[in-house]
Amino acid sequence: MQKETEIKLRVSRETLQALREHPLLKKRNKSGWQRHELFNQYFDTPQRDLAQARVALRLRRDGDTHIQTLKSRGQSVAGLSERNEWDWYLDKPKLDPKKLTDDCWPASLATLDKKTLKPIFTTDFVREKAEIAWGRGKSRVVVEAALDLGKVTAGKQSEEICELELELRQGEPEALLELAAELAADLALMPCDISKAERGYRLHDPQSYAIALPAAQLDPAMPLDDAVAALGWHLLGNSQRLAEQYRFNGHWSLLGDWLQQLVDLRALLGSLGQAAPRASSRELREALDALIGDWRPQLDAGQDDSTVRQAAPQRFADELGQIRWGLFSLNASRWLLQRGWTQGRNERGNRQGAAQLGKWLPRQLGEEAEALQLPRYKQQPEDLDEQLPRMERLLVWLRLARPVLELPEVDRLYGELAKLHALAVLPRSEETLGARAEQAHTVWTLKAWKALTR
């Protein structure tokens, strides 16, 4: 068994060609580009038991070589994945179930009849790979860069494969993200947290692709710094999966969900006080402000205008054809991996970062709630939209960390505050202003709100 650490980046055909000649890769290329024609069959049961167990089983033909591979899903966040992988070289192109022994086969599939494993989709692509190596401080980094062009096919359905894979062979995971970010400064690279196997399953059964990542696991006793990392990875990873799925099927609701991840991530960055000095997150906040500033009006306009909704997939494709989405995603991944918010902190910031989440969070939300001054907006509802950032900071924690809070009727608090936020983004009218005043009063009188602000 070996551990595979890699990042996948979706590209256009033009970008794939440009990568071959990119000065950074040319300078660090130690082997030249080597061409391989790869054909892979993926196996599962008719009930997709392997997919549900989060493993992929394939049979690969690479020239005259036949390789059987089992991969676990492992940890995959924001495009950077770590997986366990087992390879067996075979004498003939036929699956050998006897190789799938207990040391690699998931315990959850122990009773599975391996005779029911059948091919369900294929990937057929040309891979050009090269060994990319350089010095990083006192250490050496070796990365296998692979340019893949071909297609995945399931029955009569097919989808193009056009991507850059960077697999770490030697060095630290940060080096992968550093290399990818340097390339993304010149070329449109989209971190893509979906494997070729997942694409095949998605074609085989569109409902099989899980868009949302599992919820971040938070605990009242965990340090705030750990909570920030968990929530940041969750929101960034979700944004990338939603971007990929919206690119794939163009469902309008997915675009709104994608934007919500960005709004939540921006609110998270703005809620941390001295635990995250503003200088440490300035570039990310500015990138998020630009993305949100461009896309929020589009989402608002599309609620009542079908032409905006119909034009959105092409507009999003144009977004992905520029460098800013990929560069933001990769820089955010680096920031999270390196815990960039801890850099340049003073002692008070260090104490806040080490504080237990269950103690820090009620104080933080209480301060935000007090500053919101809801009674004022019962009388002046026209000014409520100026409080959108503060409400978003409250909502991101109430949405993602509700189980940590010991507040009465906390679910109701989240729901009623979300209604107030929705009213605050609507255009001002006599009707909406009246609804704002009434809803501000509703939130202010909630037991949970009173508990926060006492």
Side-chain angles (χ1 to χ4, degrees), residues 215-216 218 220 224 227-228 231 234-235 238 253 256-257 259-273 275 285 288-289 292-293 296-297 299-300 303-304 355 357-454:
L218 303 181
L224 173 61
V228 172
L231 293 176
H234 175 76
L235 292 169
N238 271 346
S253 63
D257 293 340
L259 181 65
Q260 186 62 58
Q261 307 308 304
L262 304 188
V263 170
D264 282 352
L265 188 54
R266 177 63 178 88
L268 177 70
L269 295 181
S271 71
L272 302 175
R285 288 184 287 105
L288 281 166
D289 287 341
I292 295 168
R296 180 174 261 162
L299 267 294
D300 292 343
Q303 300 304 319
D304 301 312
L357 179 63
K359 295 181 179 179
W360 176 87
L361 185 55
R363 291 197 300 269
Q364 177 65 21
L365 296 185
E367 291 174 5
E368 293 280 20
E370 286 280 6
L372 191 52
Q373 298 180 352
L374 281 183
R376 170 189 169 191
Y377 298 102
K378 181 172 174 56
Q379 304 300 323
Q380 298 172 269
E382 66 276 7
D383 295 335
L384 183 63
D385 46 354
E386 69 187 15
Q387 292 287 4
L388 280 172
R390 178 163 280 114
M391 282 190 280
E392 287 163 358
R393 293 195 293 270
L394 284 161
L395 284 169
V396 67
W397 285 104
L398 289 172
R399 181 180 295 117
L400 300 177
R402 234 176 299 166
V404 173
L405 291 166
E406 295 183 1
L407 290 174
E409 301 179 355
V410 66
D411 288 348
R412 186 182 177 199
L413 170 61
Y414 170 74
E416 298 294 349
L417 186 61
K419 292 178 186 177
L420 183 63
H421 178 272
L423 288 167
V425 300
L426 291 176
R428 299 177 186 180
S429 68
E430 185 175 343
E431 182 180 359
T432 58
L433 291 178
R436 285 182 184 184
E438 183 177 342
Q439 189 62 25
H441 178 74
T442 296
V443 175
W444 181 55
T445 57
L446 291 175
K447 292 180 181 179
W449 191 264
K450 292 181 180 296
L452 277 179
T453 56
R454 66 188 175 193

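- Here the shortest heavy-atom pairing between L407 and L413 reads CD1-CD2, 4.4 Å.
- For the atom pair CD of E382 and CD of Q380, the computed distance is 6.0 Å after rounding to the nearest 0.5 Å.
- Of all heavy-atom pairs between L231 and W397, the closest is CD1-CZ3, 3.4 Å.
- Taking OG1 from T442 and CG from L417, the interatomic distance works out to 11.5 Å, rounded to the nearest 0.5 Å.
- Between L224 atom CG and L272 atom CG the span is 6.0 Å, to the nearest 0.5 Å.
- Across L372 and R390, no two heavy atoms sit closer than the pair N-CD, 3.7 Å.
- Scanning all heavy atoms of the two residues, the minimum distance from L262 to L288 falls at O-CD2, 3.9 Å.
- Atom CZ of R436 sits about 15.0 Å away from atom NZ of K378, to the nearest 0.5 Å.
- The two residues R393 and A267 make their nearest non-hydrogen contact at CG-O, 3.6 Å.
- Residues P408 and A448 share a closest heavy-atom pair of O-CB, 3.0 Å.
- A donor-acceptor contact shorter than 3.5 Å links the side chain of Q303 to the backbone of L299.
- A distance-only check finds no donor-acceptor pair linking the side chain of E416 to the backbone of Q439 [under 3.5 Å].
- The number of heavy-atom neighbours closer than 6.0 Å to CH2 of W360, taken from other residues, nucleotides and ligands shown, is above 12.
- Residue E392 is tested with R266, R399, R296 for a salt bridge (charged side-chain N to carboxylate O under 4.0 Å, His left out); the sole match is R296.
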